[in-house]
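Since we're looking at a predicted model, the values are computed, not measured. Numbered from 1 within each chain, the chains take letters A, B, ... in sequence-line order.
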There are 2 protein chains.
Amino acid sequence: MSERALPYRPHNHQTCVSQALTDAQEICRQQNARLTPIRERVLELIWQSHKPLGAYDILAQLGAEGHKAAPPTVYRALDFLLQYGLIHRISSLNAFIGCAHAGEHHRSTFLICRECGIVLELAVDTVTKAIEAAAKAEAFQVEDITLEISGLCPSCQGNTGHA
Amino acid sequence: MSERALPYRPHNHQTCVSQALTDAQEICRQQNARLTPIRERVLELIWQSHKPLGAYDILAQLGAEGHKAAPPTVYRALDFLLQYGLIHRISSLNAFIGCAHAGEHHRSTFLICRECGIVLELAVDTVTKAIEAAAKAEAFQVEDITLEISGLCPSCQGNTGHA
DNA sequence: CAAAATTTGCAACATTATAACATTTGCAGG
DNA sequence: CCTGCAAATGTTATAATGTTGCAAATTTTG
Ligand SMILES: [Zn+2]
Ligand SMILES: [Zn+2]
Ligand SMILES: [Zn+2]
Ligand SMILES: [Zn+2]
C-alpha cells in the first residue's frame, strides 16, 4: 500500500480516488461483501474531495446524474460502507468521509479545518493509548471512539478573513 | 467546590442538581449574563439525570408542565447554556448534558454507556496533551475537541442482555 | 429452474434544527 | 414616571437529517 498524499496540499487527487476504490474492491472480495454499483458510486462520490459529504449532498449528486434515488438508498449504501470500514461518519458535521486507512485496524482522529473544510484522518497510537488508559482508570469498557478536532489547517492559518 | 459523585453509583442526585444551579448562578453573575427562568429551568431539566437529554425531550417536558414552548425557545436556551459552558453537546447522540466542570477551563472526554445511557465527563490532562501533540505534529491549530467514547460503564459490564 | 436471501425502489413519516418576524420584558437616561 | 433601546421570548413556518415498512427486483443457492 503506497503512501497517501496530504490532503491540504495540491496533489493528483485522482490517485486518491482510484486507490480507495481498488482497496474497497479488494476488501469486499476478501469478506464476500457485495460492492454493488450504487455502493461503489456512493463511495466514489464521497472520495471526490477530502471534505466530508452529507447524505443529502450525495442524494442530490445521484439525482443530477439521472439516478433519482430516495434517502433510504443513500443511507443503506452508507451503512454498508461504514460496516466494512470504507468510510467514517463525522458526527459533529453530520457528514461522511472516505477512510484513509481502510483494511487496517485503527482508531481515528479527525482534524477538521473550519475554514476550508478539509479533513485529515490520523491514527496516532499515543492518542489511542492515552484515551484507553483514561477509560480503564474509570473501569469503562471502550467500544467506539469519536475524536473530532476542529480548528485551522496549515494552509488556512494566516488566511484570517481580513481580506 | 466540593467533590462530585460518580454518576454510576447511587447517590443523592439532588445534590448534583443544586450544585449545578448554584454554580450556574454564580458564573452568570460574574459575567453579567442573565440566567432567566427559562434558561435556568432548561438547565435543571438537563441535570435531572446523568443521561444526555434531547432538545425535543426538553420541549416535551416544558410542555407537560404547562409552558408550551416552541423549538426556538429551547434551542436558544441551549445556545446560551453552551456559550457559558454550563452544558455540553454530545454530537454522537444529538443531545445535551450538564457540564461537570462549569467555570473551570477544561477539555472534556465523555464516557457514554450504550446500555444505561449514563455519561461520565472527564478532564484528563494526558489525553488532552496527546491530542494537542498529534495536532501540532500536523501543524494544525486546535480550536475545539469532540471526544466521545461509547462502551459499557462498570455497572453495565456483565449485565449482558441474556436475562 | 425454483426457493431463499439480499438488495433496491418507493412512499410516508420521524427527528433535529433554523429562519423570519412579531411581541414582550428589563433597564437606562431624561 | 415614561420613554426608548436592546435583549429575550413568542409564533409560524420551513429546512435538514434520518428511519420505517413494504413491495419489487436481483442475486445466490440448491
Ligand atoms: Zn486526494
Ligand atoms: Zn483549511
Ligand atoms: Zn448525580
Ligand atoms: Zn451503564
Side-chain angles (χ1 to χ4, degrees), chain A residues 24-25 28-46 51-84 86-97 117 146 148, chain B residues 24-25 28-29 31-46 51-84 86-97 112 117 146 148:
Chain A
Q25 285 154 7
C28 289
R29 198 191 53 71
Q30 284 177 11
Q31 309 197 37
N32 269 321
R34 292 170 51 197
L35 189 62
T36 63
I38 294 179
R39 292 166 176 173
E40 186 165 20
R41 184 63 186 133
V42 169
L43 180 60
E44 191 175 13
L45 286 173
I46 289 175
K51 305 177 188 180
L53 201 57
Y56 279 75
D57 295 331
I58 294 168
L59 199 56
Q61 294 198 38
L62 285 177
E65 63 194 39
H67 184 156
K68 73 180 186 75
T73 299
V74 170
Y75 280 101
R76 284 189 290 228
L78 291 170
D79 285 345
F80 173 90
L81 297 170
L82 284 170
Q83 186 181 336
Y84 287 93
L86 302 174
I87 61 172
H88 294 286
R89 179 172 206 282
I90 306 294
S91 291
S92 59
L93 298 175
N94 291 336
F96 304 83
I97 192 157
T146 297
E148 300 168 10
Chain B
Q25 285 155 9
C28 288
R29 198 191 53 71
Q31 309 196 36
N32 268 322
R34 291 172 52 200
L35 189 61
T36 63
I38 294 179
R39 292 167 176 172
E40 186 165 19
R41 183 65 186 130
V42 169
L43 180 60
E44 192 175 13
L45 286 173
I46 289 175
K51 305 177 188 181
L53 201 59
Y56 279 74
D57 295 330
I58 295 169
L59 199 56
Q61 294 197 37
L62 286 177
E65 63 194 38
H67 184 157
K68 71 178 188 77
T73 300
V74 170
Y75 280 101
R76 285 190 286 231
L78 290 171
D79 284 346
F80 173 89
L81 297 170
L82 284 169
Q83 187 182 335
Y84 285 94
L86 302 175
I87 62 173
H88 294 287
R89 180 172 207 284
I90 306 295
S91 291
S92 57
L93 299 176
N94 291 335
F96 302 84
I97 192 157
I112 306 168
T146 296
E148 301 169 9

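- The CG atom of B/Leu93 sits 12.5 Å away from the NZ atom of B/Lys51 when rounded to the nearest 0.5 Å.
- Here the P atom of nucleotide D/dA15 and the OH atom of B/Tyr75 are 17 Å apart, to the nearest Å.
- Looking at residues two or more places apart in sequence or on another chain, you find no salt bridge (Lys or Arg N to Asp or Glu O under 4.0 Å) involving B/Arg39.
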What pairs of donor and acceptor atoms, side-chain ones from residues 65-84 of chain B against any protein atom, are under 3.5 angstrom apart with sequence neighbours left out?
residue	atom	partner	partner atom	Å
B/Glu65	OE1	B/Arg41	NH2	2.8
B/Glu65	OE2	B/Arg41	NE	2.7

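- Rounding to the nearest 0.5 angstrom, the gap separating the NE2 atom in B/His88 from the CD1 atom in B/Ile46 is 11.0 Å.
- Side-chain contact between A/Thr146 and B/Ser91 is absent, with no heavy atoms from C-beta onward closer than 4.5 Å.
- Atoms CG (B/Asp79) and P (D/dA8) sit 12 Å apart, rounded to a whole Å.
- Sorted by first and then second residue, the salt bridge (charged side-chain N to carboxylate O under 4.0 Å, His left out) pairs with a member in residues 54-63 of chain B form an empty list; sequence neighbours excluded.
- Rounded to whole angstrom, the span from the CG atom of A/Leu78 across to the P atom of D/dA16 amounts to 18 Å.
- To the nearest 0.5 angstrom, A/Leu53 atom CG is 7.0 Å from A/Leu45 atom CG.
- In this structure, A/Asn94 places its CG atom 18 Å from P of D/dA15, rounding to the nearest Å.
- Here A/Arg34 pairs with nothing under the side chain to side chain donor-acceptor pair (under 3.5 Å) rule; sequence neighbours left out.
- Going from atom CD1 of B/Ile90 over to atom C1' of C/dT15 covers 18 Å, rounded to whole Å.
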Exercise. Summarise protein proximity over nucleotides 5-12 of chain C in one line of letters, 5' to 3': B for base, S for sugar-phosphate only, - for none, counting protein heavy atoms closer than 4.0 Å.
Key: -SSBBBB-
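- Near DNA chain D, defined here as any heavy-atom distance below 4.0 Å, there are no residues from residues 55-63 of chain B.
- Atom CG in B/Leu93 sits roughly 18 Å away from atom P in D/dT17 (whole-Å rounding).
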